[in-house]
Structures are given as structure tokens and as C-alpha cells.
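Report on one structure; see the data block that follows.
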Amino acid sequence: MKFFIDTASLDQIKEAKDLGILDGVTTNPSLMAKEGISGLDNIYKHYQAICKIVDGDVSAEVISTDFEGIMKEGKMLADLAENIVVKVPMIRDGIKAISRFTEIGIRTNCTLVFSAGQAILAAKAGATYLSPFIGRVDDITWDGVGLIREIAEIYAIQGYDTEILAASIRNAKHIVDSALAGADVVTCPLSSILGLLKHPLTDIGLANFLADHQKANEKAMATK
Ligand code: G3P
């Protein structure tokens, strides 16, 4: 399973890269706004800065919601760097644009996916990635990880190539459950990735190893 970081923060992207586990980046208009980035020029420059840090795929989202606008914007985004993947919302004109992008060799990430039906449509249109938002599904007391499992089963039965990118990850358990449910990629905040490190027995075990080492050294020094 690939690990993408879901942020527009250059510092967080660098930190995740430094860990040696980063396969790519996803962004969205809310995450760009959170970093205070506005205006098309600045937004495009920021995408190029992200693409310079990361070797893997970087999802850049269109703002337009009509076919012509999505196509124009998507082509401009795809021209920014080789590793840009154009993120397109799951709407009628979005599906039409994904289908056209696929024909002309532009890779896409179909976003705002909340059902298996939407997942089938995106795969039929040839989306490179599919982003089901599991945290937001959980928020309405449905089963986000169950949705990943359902889509993974359908894609396996039908032989679809679209990669399932579990998004709206809120904690480390979402990452583990997505891996088990058959996600190809998870995209998460750095905090959720770091959450995978934590186990109280690791902390206790390490403290004991270091204390034993210290005691043995003190004893050796005392007998010199
Ligand atoms: O990748 C989609 C993600 O950014 C949405 O996450 O936490 O806003 O539901 P969230």
C-alpha cells in the first residue's frame, strides 16, 4: 500500500519525505487555503514547489465544475510537472472530463466519492485514482472502511485498474483498516502516519532496555 500525505504544507511534506515512507501528495482547495495560498499564479507555483520535493504523484484539484472549464484547468495543471495528477470531483461533467483526460493521457484522481456506484462510474471513465472519503462517511454514522472493502471487491471482480486511494483518514486505525480492506493507497495527515509508531509496550520495552544497559555499564565502571 502506498502512503500519500494529505496536505499543502511544504514543511509537513518535507518531514514525511525525511521519514523515508512518502510515495506522493494529495491536496484540495481547503488545504491550499489553510496554507494561505490564493490566486492562480501562487497556487500553480505552490504545486511546482511540492512537485520538486516529491518524486511520486501529486494530486492538484480543479476548481471549475463545467466540462470546458475542467478540461482547460486540468491541462494547465498537468503541464506544471510530470508527476501532477488532476483531481476532479465526482459530478456529471467531472466524469465526462475524466473520460476525455484518459483518452489524451492525462492521469486523474476522482474525488468526493461516497458510494460504490460512484466508484464504478469513475473506473469506467478510466480514473487513475479513486478517492473515497472514509472519515466523512463515518461522520454520518455509516461505515467508511466498509465502503473501501466493497469497492475493492467490485474492482477485483470486474478487473478495474483504478487505484483505490483511501482519503479523509482521521487516525492510525483508519490506515490499518484501509490496508486490510484492500486500499491501494492511503492519504493522511502527518499526525495519522506518526500515530502508527505508537505502542505503550514499545515505550516500556525501550525504557527497560536502556535502563538495563545503563545499570550494566555502571556496574562495569564500579568494578574497574
Ligand atoms: O483527501 C481528502 C481529505 O482532505 C478530506 O479530509 O478530514 O477534510 O474529511 P477531511
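Counting starts at 1 for both ligands and their atoms, in listed order. Only a predicted model underlies this, so the values are computations on that prediction, with no experimental measurement involved. Start at 1 with the first residue, then count along the sequence.
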Suppose I only count heavy atoms of Ala167 and a 4.0 Å limit; which atoms of ligand 1 are within that range? 1 (O), 2 (C)
Nearest protein heavy atom with distance in Å, relative to atom 7 (O) of ligand 1: Arg170 NE, 3.0 Å
Number the atoms of ligand 1 from 1 as they appear, then name those within less than 4.0 Å of a heavy atom of Ser168, with their elements. 2 (C), 3 (C), 5 (C), 6 (O), 7 (O), 9 (O), 10 (P)
Is the side chain of Asn83 donor-acceptor paired with the backbone N or O of Gly56 at a distance under 3.5 Å, no angle test? yes
For ligand 1, which atoms have a heavy atom of Phe133 less than 4.0 angstrom away? 2 (C), 5 (C)
Joint hydrophobic cluster, Val25 plus Val185, side-chain heavy atoms closer than 4.5 Å: no
Backbone or side-chain N or O of Thr26 under 3.5 Å from ligand 1 N or O: no
Ser131: which of Asn109, Asp6, Asn28 passes side-chain hydrogen bond (donor to acceptor under 3.5 Å, both in side chains): Asn109
For ligand 1, the portion of Asn28 having any non-hydrogen atom under 4.0 Å away: side chain
Thr27 backbone acceptor or donor facing Lys87 side chain under 3.5 Å: yes
Only heavy atoms of Arg136, strictly under 4.0 Å: list the atoms of ligand 1 that pass. 5 (C), 8 (O), 9 (O), 10 (P)
Measure the distance from atom 1 (O) of ligand 1 to every protein heavy atom, then report the residue, atom name and distance (to 0.1 Å) of the closest one. Asp6 OD2, 3.0 Å
What is the minimum heavy-atom distance between Ala119 and Tyr155, and which atoms define it? O-OH, 2.6 Å
Does Lys215 pair with Asp212 as a salt bridge, N-O distance under 4.0 Å? yes
